[in-house]
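These notes are about the structure you will find just below.
Only a predicted model underlies this, so the values are computations on that prediction, with no experimental measurement involved. Every chain is numbered from 1, with letters handed out A, B, ... down the list of sequences.
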Amino acid sequence: MTPLLEAVQPRSAEPVPAAASLADPMLPRPFEVRRVQAETYDTYTLELAPADGRPLRFRPGQFNMLYLFGVGEVAISISGDPGRPSPLVHTLRAVGAVTRGLCALKKGDVVGVRGPFGNEWPLDEAAGHDVVLVAGGIGLAPLRPAIYRLLAERKRFGRVVLLSGSRSPQDILFRHELERWRSRFDLEVVVTVDYAAGDWNGLVGVVTTLIPRAGFDPTDTVALACGPEVMMRFATRELERRGVPTERIYLSMERNMKCAVGFCGHCQYGPHFICKDGPIFPYRAIAPIFEIREV
Amino acid sequence: MSLQPLSALLAQTPLFQGLPAEDLELIAGCASNVKFDAGDFLFREGGPADTFYLVRHGNVSIEFFAPGRGPVTIQTRGEGEVIGWSWLFPPYTWSHDARAFELTRALAFNADCLRGKCDKDPRLGYELMKRFGQIVHERLEATRLQLLDLYGGDRDPAPRGRTAAKR
Ligand SMILES: Cc1cc2nc3c(=O)[nH]c(=O)nc-3n(C[C@H](O)[C@H](O)[C@H](O)COP(=O)(O)OP(=O)(O)OC[C@H]3O[C@@H](n4cnc5c(N)ncnc54)[C@H](O)[C@@H]3O)c2cc1C
Ligand code: FES
């Protein structure tokens, strides 16, 4: 592991919630659906309760493999509060067979859960600095646990800025929570959409256009970005242009996953396995491959 | 208001930052403070592009009126941003609407006055052209990203009346 990647490995004194043995991480645990909340027309939040009553502890940025019995398994980030691991919360956009099936689940249905997997957002490293979070679309979901942690330990950080972009006003995730966060004095929240009809009274434009004017000190900022890769490419350029050092920019990457424990090679990204070395990477560690079209 | 405070104000804006004091004073000679209430139009499509604006506080939407769809906001502009560059190019008419969607304070620049000064002083003209070129470049880049429809989705991106429900 490179020193840069070590920077985003869990390092607190608490035991690291990672798959413990070879058998365990491949074995889904049954969880019961407690609640399904429609966030938008195609995105749903599932609240899951462990059948064995053992909460699944996780760190902000980690993901689980959700198994829809008889259909398949997909990687989904945990979108809940790491300080309240039960119920287990995931926010999913219905794009294909498995995610559509998961979004159609009802209270009482059972899903299989493996995890948590992957590393975490580098919040310990961000302590003492300004933090800017750049979210695009469903990318706000993997960042939400980091926001909960930042707010729970607010005094440890400088200015905290959340820049969130969605396709349209109808696609805005966690709308009520964004409104609540926006009313806080210790958090700057800016929301923008790419398209809007005349009845939208907010900002219009891609999320990267918010970076030049956001209230953080670029020389003393840690940036966390999650969203479509093209968005993250442009966000990285804007952050660099603003003066944020590349080693302080972190991106959450996605590739198809199967085993999620570094065996099958499905999630290979250049020399890295996203499930094992990521999903969060310091931009500097992946910069040489980030601009390559097909990796 | 005297010219001095206005040129000092200009010096703090991203557009004019770093210009020599004499340039700032020349430019300030073409500028005035203006205020728009929420809903006021700064200008409308087809109108004479005789002024451009630099937003001091507030937000302005750049809109097109599409028959059957009503006003469609393409982008919004906030503090420190420029509204309008049609004043630079013949036939000097606006190609879109600009509307304040909240109380907005701005600096308004008389286009004739500024074009006249640029014609007389090509060095200043070139400097301003470079700065406007940079803005146009950034906006084009942002528009291209917007066109990519990054976040995907099956539905019309701006339908009306859709709400989230609980199950
Ligand atoms: C570490 C990690 C964390 C993730 N976290 C989340 C999350 O929190 N919420 C969430 O909704 N999704 C998340 N994803 C993406 C999710 O895993 C995929 O959307 C899912 O695997 C699609 O499976 P499917 O069978 O439903 O669709 P498929 O049949 O596999 O794909 C259907 C269509 O969707 C497209 N598609 C597939 N994956 C993606 C993707 N990642 N983004 C956009 N389009 C895609 C495909 O190209 C295809 O056109 C994450 C992925 C990874 C690797
Ligand atoms: S998913 Fe198998 S190696 Fe990463």
Side-chain angles (χ1 to χ4, degrees), chain A residues 33 35-45 93-95 103-107 136-139 165-176 190 192-210 212-213 227-235 237-238 241, chain B residues 13-15 17 38-39 55 57-66 68-81 96-97 99-102 134-135 137-167:
Chain A
V33 176
R35 190 160 177 261
V36 183
Q37 165 82 38
E39 302 288 352
T40 72
Y41 57 96
D42 66 357
T43 303
Y44 296 80
T45 293
R93 182 152 166 247
V95 294
C103 288
L105 289 174
K106 301 271 184 302
K107 191 171 182 220
I138 188 75
S166 303
R167 190 175 187 235
S168 77
Q170 287 72 27
D171 291 270
I172 295 174
L173 286 187
F174 313 136
R175 190 182 271 264
H176 298 301
V190 191
T192 184
V193 300
D194 279 9
Y195 306 91
D199 48 6
W200 164 249
N201 228 9
L203 301 185
V204 180
V206 286
V207 66
T208 52
T209 60
L210 304 177
R213 284 182 290 143
E229 240 169 85
V230 184
M231 179 221 97
M232 292 200 288
R233 225 159 60 209
F234 280 83
R237 279 183 212 163
E238 277 308 327
R241 205 184 293 182
Chain B
T13 64
L15 178 64
Q17 222 168 33
V55 180
H57 308 286
N59 276 296
V60 174
S61 52
I62 305 301
E63 295 176 358
F64 285 92
F65 190 88
R69 285 178 73 185
V72 178
T73 304
I74 304 302
Q75 279 165 357
T76 48
R77 304 263 169 268
E79 201 173 312
E81 293 193 297
H96 55 80
D97 298 340
R99 190 161 56 97
F101 68 88
E102 58 190 33
Q134 175 70 26
I135 294 171
H137 166 74
E138 284 165 13
R139 302 253 169 104
L140 183 62
E141 218 172 57
T143 308
R144 282 181 182 144
L145 256 187
Q146 231 169 329
L147 286 174
L148 275 178
D149 194 11
L150 286 178
Y151 312 123
D154 298 337
R155 303 214 188 164
D156 176 355
R160 287 155 200 267
R162 206 186 315 115
T163 50
K166 240 184 225 178
R167 259 194 284 145

Which atom of A/P228 lies closest to which atom of B/L150, heavy atoms considered:
CG-O, 3.7 Å
Which is it for A/M231 and B/L148 under the side-chain contact (heavy atoms from CB on, under 4.5 Å) test, yes or no, and what are the steps along the way?
CA-CA 10 Å; A/M231 179 221 97; B/L148 275 178; over 6 Å; no
For B/Q146 and A/D194, work out which heavy atoms get closest and say how close.
NE2-O, 2.8 Å
Ion pair present between B/E138 and A/R241, side-chain N to carboxylate O less than 4.0 angstrom?
yes
Does B/Q75 use its side chain to pair, donor to acceptor, with the backbone of A/G205 at less than 3.5 Å?
no
Name the region of A/S166, side chain, backbone, both or neither, that has any atom closer than 4.5 Å to a heavy atom of chain B.
backbone
Side-chain donor/acceptor of B/Y151 to backbone N/O of A/S168, under 3.5 Å:
no
Given the options A/P212, A/G139, A/G165, which has more heavy-atom pairs under 4.5 Å with chain B than any of the others?
A/G165
State, with a plain yes or no, whether a side-chain heavy atom of A/V230 is found less than 4.5 Å away from one of B/L145.
yes
Region of B/E102 in contact with chain A, defined by heavy-atom distances below 4.5 Å
neither
Can you tell me how far the OH atom of A/Y195 sits from the OG1 atom of B/T73, to the nearest 0.5 Å?
14.0 Å
